[in-house]
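Encoded as structure tokens, the structure appears first; notes follow it.
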Amino acid sequence: MGEPNIVLARIDNRLIHGQVATQWTGSVGANLILVANDEVASNTMRQHLMDMAAPQGVATRYFSLQKTIDVIHKAAARQHIFLVLETPEDALKLVEGGVPIKVLNIGNMHMSEGKRQVATSVAVDDADVAAFKKLVDLGVELSIQRVPTTAVEDSSKLFN
């Protein structure tokens, strides 16, 4: 099989929601939203809620990280995949497992206990920073951008 057609890989701890579903899916021409998340893969209630936010005509899939690693290379060329992840650690697992993520869009990482705000909608802790450093070492370009119409923020902010 050839390389999967990943049109966008994005970290957004909300996964599929209105902003992601409408603005990003349309701007990158995705026809499949793939949520790679161990918890959501087995939670049909969350899947149904996210399906309601997905644009009409766009398919959704909810795979565990391991299933994503195992099957992404079987994707058809006609599948324009928008890969949605919850954490940088999840992105790192996928890249280390052979998923060809070349650019990683960092959209939303909410502030919580132990995290520090480093960009408009991005808060990180030391584990996140370590994962981002490993991703860069593996050749992944990082890009902080909330929505397609806002400016890209300097990704060096992730390492502050």
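- Follow the hydrophobic side-chain contacts under 4.5 Å out from L32 and you never reach V35; the two are in separate clusters.
- Residues L8 and V84 fall within the same hydrophobic cluster, defined by Ile, Leu, Val, Met, Phe, Trp and Tyr side chains chained together at heavy-atom separations under 4.5 Å.
- The closest side-chain heavy-atom distance from K115 to D128 is below 4.5 Å.
- The two atoms that bring A53 and A21 nearest to each other are O-CB, 2.8 Å, heavy atoms only.
- D12 and H17 share a donor-acceptor pair across their side chains, judged by distance under 3.5 Å alone.
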Which donor-acceptor pairs under 3.5 Å do the side chains of residues 130-138 make with protein atoms, sequence neighbours left out?
none

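- The minimum heavy-atom distance linking A119 with K157 is given by the pair CB-CD, 4.1 Å.
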Subject >> Evaluation steps, side-chain contact (heavy atoms from CB on, under 4.5 Å), between R46 and E39 >> reply: CA-CA 9 Å; R46 283 190 69 190; E39 194 276 327; 2.5 Å; yes

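- R116 pairs by the side chain to side chain donor-acceptor pair (under 3.5 Å) definition with D126, not counting sequence neighbours.
- Counting only heavy atoms from C-beta outward, the side chains of I33 and M50 never approach each other to under 4.5 Å.
- Across M109 and P88, no two heavy atoms sit closer than the pair CE-CD, 3.6 Å.
- Both L65 and I106 belong to a single network of hydrophobic side chains, linked directly or stepwise wherever heavy atoms of I, L, V, M, F, W or Y lie under 4.5 Å apart.
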Original post:
Can you check side-chain contact (heavy atoms from CB on, under 4.5 Å) on Q66 and K93, steps first, answer last?
Top reply: CA-CA 9 Å; Q66 189 58 53; K93 281 182 192 161; over 6 Å; no

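- Considering CD1 of I101 and CD1 of I6, their distance stands at 5.5 Å, rounded to 0.5 Å.
- Residues H73 and P4 form a side-chain contact, since some pair of their non-hydrogen atoms from C-beta on lies under 4.5 Å apart.
- Listed by chain and residue number, E141, S143 satisfy the side-chain contact (heavy atoms from CB on, under 4.5 Å) test with V103 (two or more places apart in sequence, or in another chain).
- Between the E3 side chain and the N5 main chain, no donor and acceptor come within less than 3.5 Å of each other.
- The two atoms that bring Q117 and T120 nearest to each other are NE2-O, 3.3 Å, heavy atoms only.
- Residues V122 and F159 are members of one and the same hydrophobic cluster, defined by side-chain heavy-atom contacts under 4.5 angstrom among Ile, Leu, Val, Met, Phe, Trp and Tyr.
- Shown here for L94 and A36, the closest heavy-atom pair between the two residues is CD1-CB, 4.0 Å.
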**OP:** Take V95 and L104, measure what side-chain contact (heavy atoms from CB on, under 4.5 Å) needs, and give me the verdict at the end.
**Re:** CA-CA 11 Å; V95 170; L104 181 61; over 6 Å; no

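- Atoms OH and CD1, on Y62 and I16 in that order, are 3.5 Å from each other to the nearest 0.5 Å.
- The two residues A75 and I81 come nearest to each other via the heavy atoms CB-CD1, 3.7 Å.
- Within the 3.5 Å criterion, the main-chain N or O of A30 finds no donor-acceptor partner in the side chain of T25.
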Subject >> Trace of the side-chain contact (heavy atoms from CB on, under 4.5 Å) decision for V129 with V118 >> reply: CA-CA 11 Å; V129 172; V118 295; over 6 Å; no

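- Proximity of a side-chain donor or acceptor of Q47 to a complementary backbone N or O of A41 within less than 3.5 Å is detected.
- Of the possible donor and acceptor atoms, one in the side chain of R10 sits under 3.5 Å from a partner among the backbone N and O of Q145.
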